[in-house]
Amino acid sequence: MEHDLDCLTIAELEKLATQRMDRQTRDYYNEGADSGTTVRENESAYQKYRLRPRVLRNVSKVDSSVNVFGTRCSVPFGVAPAAMQKLAHEEGELATAHACQEKGVVMGLSSFSTTALEDVRAASGNTPNVLQLYLFEDREQSRKLIERAKKVGYSAVVLTVDTPLLGRRNLEIRNQFRLPGHLRAANFDLDNDGRGSRSSRSERSDTAFSKDHSAAAKSTAANYREGRRVLPTGPVTFHTHGPNPTLEWDECIPWLKAQASPMQVWVKGIMTAEDAALAVGHHVDGIIVSNHGGRQLDGTLATLDALPEIVAAVNHRIPVHIDGGIRHGTDIFKALALGADFCWIGRPMLWGLAYKGQAGVELCLRLLTDEFQLCMGLAGVARVADIGPQFLYRVKASEFLSRL
Ligand SMILES: Cc1cc2nc3c(=O)[nH]c(=O)nc-3n(C[C@H](O)[C@H](O)[C@H](O)COP(=O)(O)O)c2cc1C
Ligand SMILES: CCCCC(=O)C(=O)O
């Protein structure tokens, strides 16, 4: 197999991508909320575990495939939804979709993509896609988006539930983050007609992002102080429309299930056994253990540390996926050993995109695949279903901390 000699690890991919991104994009992609404790701990939590390999177990055929969203996929991981991928590369989400299609990897598309969801679906061929949703206070906007996803064959909608408010991202604020004028939140348009008129797009997104960040932050704070809610008006941007503090289990999940059927409904952003039990009780099709890559509430548990209590609470009734801090194939192995059924990869995929577009995303997927399959073989496991906690050793806190 041909290697990219400049880039043999995700750590190298991060460095190479970081050199290529402009400051605004690099900061937006890489930073976590507040002091960045959670974004760092998501990664370092994987170092709390060492592997316990078994030997002489015939690993001449290692099968890393799993069933997910009704399809057999060659690896137990997918690409997490991440907003505005044209910031990383001019082909944006299309490059990601082509790479995922090439490798047979599930792609999650953010509602706030810079490519329309129909175009991403068309680029994905037979490989399943899922659409990440923010349920807007203007529910009609969400309903239209769900209809469009259904029409073109998305397998599932994934409701992100960790954004009642937008986390505080200091670099984003300091840089006065704005989407460049030639890019737009492609799933929404001023005239709210779904695909909209192409004429006003670039002008609209530029204006929207330039003034919304501080205005949205101010009005949210004021509304809270005064105990009132005001529906966001104007164009849909992630600062104004993404966060929605009004959502509640009993209202939004039944509504979403009714709208989305026959697509599956998943919930992304579960961090406790209590909420996992509620998700099961509300008959969602699966959950993703996630703290939004440390971009929302800083100071939460690392997702890997939250996983065991959630796996126990769910008790095999629905699939449990995880994301956050996965930077090596052995991390995927560890998450599965602790009971996750599937992993999602966020920033490493964006680094691949920034490095070389489609080829860079393919490189990222290949590195993780190779590392994961090698880990299976060297640990003495031929099938994903056989990965379990017996393959892990948890190091003592003193040993773990001294290695960080
Ligand atoms: C730049 C960026 C944008 C993101 N945008 C979204 C989004 O639009 N919707 C969403 O649910 N999660 C979003 N996420 C969170 C990811 O889906 C995922 O939870 C997180 O990146 C996983 O952590 P990792 O980056 O450490 O792999 C975003 C993450 C990043 C880094
Ligand atoms: C409401 C946030 C939308 C984009 C996003 O999820 C992120 O930047 O993390």
Side-chain angles (χ1 to χ4, degrees), residues 10 13-14 17 21 24-33 36 38-46 77-88 92-93 96 107-114 117 130-136 157-169 171-173 177 179 185 187-188 209 212-213 216-217 220 232 236-245 266-271 287-297 300 302-304 321-328 331-332 335 343-354 364 368:
I10 298 296
L13 185 61
E14 176 176 7
M21 289 186 277
Q24 169 181 271
T25 303
R26 187 188 62 227
D27 287 348
Y28 172 64
Y29 282 1
N30 290 355
E31 90 168 318
T38 300
V39 76
R40 286 191 297 276
E41 285 195 359
N42 275 350
E43 280 190 38
S44 62
Y46 284 91
F77 62 87
V79 162
M84 300 181 280
Q85 297 185 8
K86 284 191 183 171
L87 286 172
E93 293 83 1
T96 308
M107 173 176 174
L109 181 72
S110 167
S111 284
F112 287 103
S113 55
T114 38
L117 64 89
V130 302
L131 178 68
Q132 177 273 329
L133 283 183
Y134 289 110
L135 272 197
F136 298 150
V157 288
V158 177
L159 177 64
T160 298
V161 292
D162 54 18
T163 50
L165 307 167
L166 191 65
R168 188 179 176 87
R169 300 143 187 202
L171 297 179
E172 201 181 298
I173 294 169
F177 180 94
L179 199 62
N187 289 323
F188 310 102
F209 275 85
D212 280 343
H213 193 286
T220 305
V236 179
T237 76
F238 85 81
H239 288 124
T240 52
H241 287 65
N244 180 351
W266 285 59
V267 171
K268 170 175 182 279
I270 298 294
M271 286 296 289
I287 58 174
I288 304 181
V289 178
S290 175
N291 51 31
H292 215 107
R295 300 163 69 80
Q296 284 295 107
L297 178 61
T300 68
T303 48
L304 190 72
H321 293 188
I322 185 170
D323 73 20
I326 295 167
R327 302 291 180 264
H328 196 276
D331 296 343
I332 297 168
C343 300
W344 296 87
I345 313 299
R347 291 179 184 85
M349 170 275 297
L350 293 171
W351 297 330
L353 190 61
C364 168
L368 292 169

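First listed ligand is number 1; within each ligand, the first listed atom is number 1.
- The residues lining ligand 1, counting any heavy atom closer than 4.0 Å, are Tyr28, Tyr29, Ala80, Pro81, Ala82, Ala83, Ser110, Gln132, Tyr134, Thr160, Lys268, Ser290, His292, Gly293, Arg295, Asp323, Gly324, Gly325, Arg327, Gly346, Arg347, Leu350.
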Could you check Trp344 against Met349 for side chain to side chain contact (heavy atoms under 4.5 Å, CB included), going step by step and ending with a plain yes or no? CA-CA 10 Å; Trp344 296 87; Met349 170 275 297; over 6 Å; no
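- Under the 3.5 Å distance criterion, with hydrogens and angles disregarded, a donor-acceptor pair is assigned to the side chains of Asn291 and Thr300.
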Verdict with supporting geometry, Glu93 and Thr114, side chain to side chain contact (heavy atoms under 4.5 Å, CB included): CA-CA 7 Å; Glu93 293 83 1; Thr114 38; 2.9 Å; yes
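- Counting heavy atoms from C-beta on, the side chains of Phe177 and His239 come closer than 4.5 Å.
- Distance alone, capped at 3.5 Å, places no donor-acceptor pair between the Arg347 side chain and the Arg327 backbone.
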Close N/O pairs between ligand 2 and protein, under 3.5 Å:
residue  : atom  : partner : partner atom : Å
ligand 2 : 6 (O) : Tyr134  : OH           : 2.7
ligand 2 : 6 (O) : His292  : NE2          : 2.7
ligand 2 : 8 (O) : Tyr28   : OH           : 2.7
ligand 2 : 8 (O) : Arg169  : NH1          : 2.7
ligand 2 : 8 (O) : Arg295  : NH2          : 2.9
ligand 2 : 9 (O) : Arg169  : NH1          : 3.4
ligand 2 : 9 (O) : Arg169  : NH2          : 3.1
ligand 2 : 9 (O) : His292  : NE2          : 3.0
ligand 2 : 9 (O) : Arg295  : NE           : 2.7

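- In this model, no donor atom of one side chain and acceptor atom of the other lie less than 3.5 Å apart for Thr303 and Asp323.
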Criterion side-chain hydrogen bond (donor to acceptor under 3.5 Å, both in side chains) on Ser111 and Asn187, from CA distance to verdict: CA-CA 7 Å; Ser111 284; Asn187 289 323; 5.8 Å; no
Would Tyr134 and Phe238 count as a ring-ring contact (aromatic ring centres under 6.0 Å, His included) here? Give the steps. CA-CA 9 Å; Tyr134 289 110; Phe238 85 81; 8.5 Å; no
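- Side chains of Gln296 and Arg169: a donor-acceptor N/O pair is present below 3.5 angstrom, by distance only.
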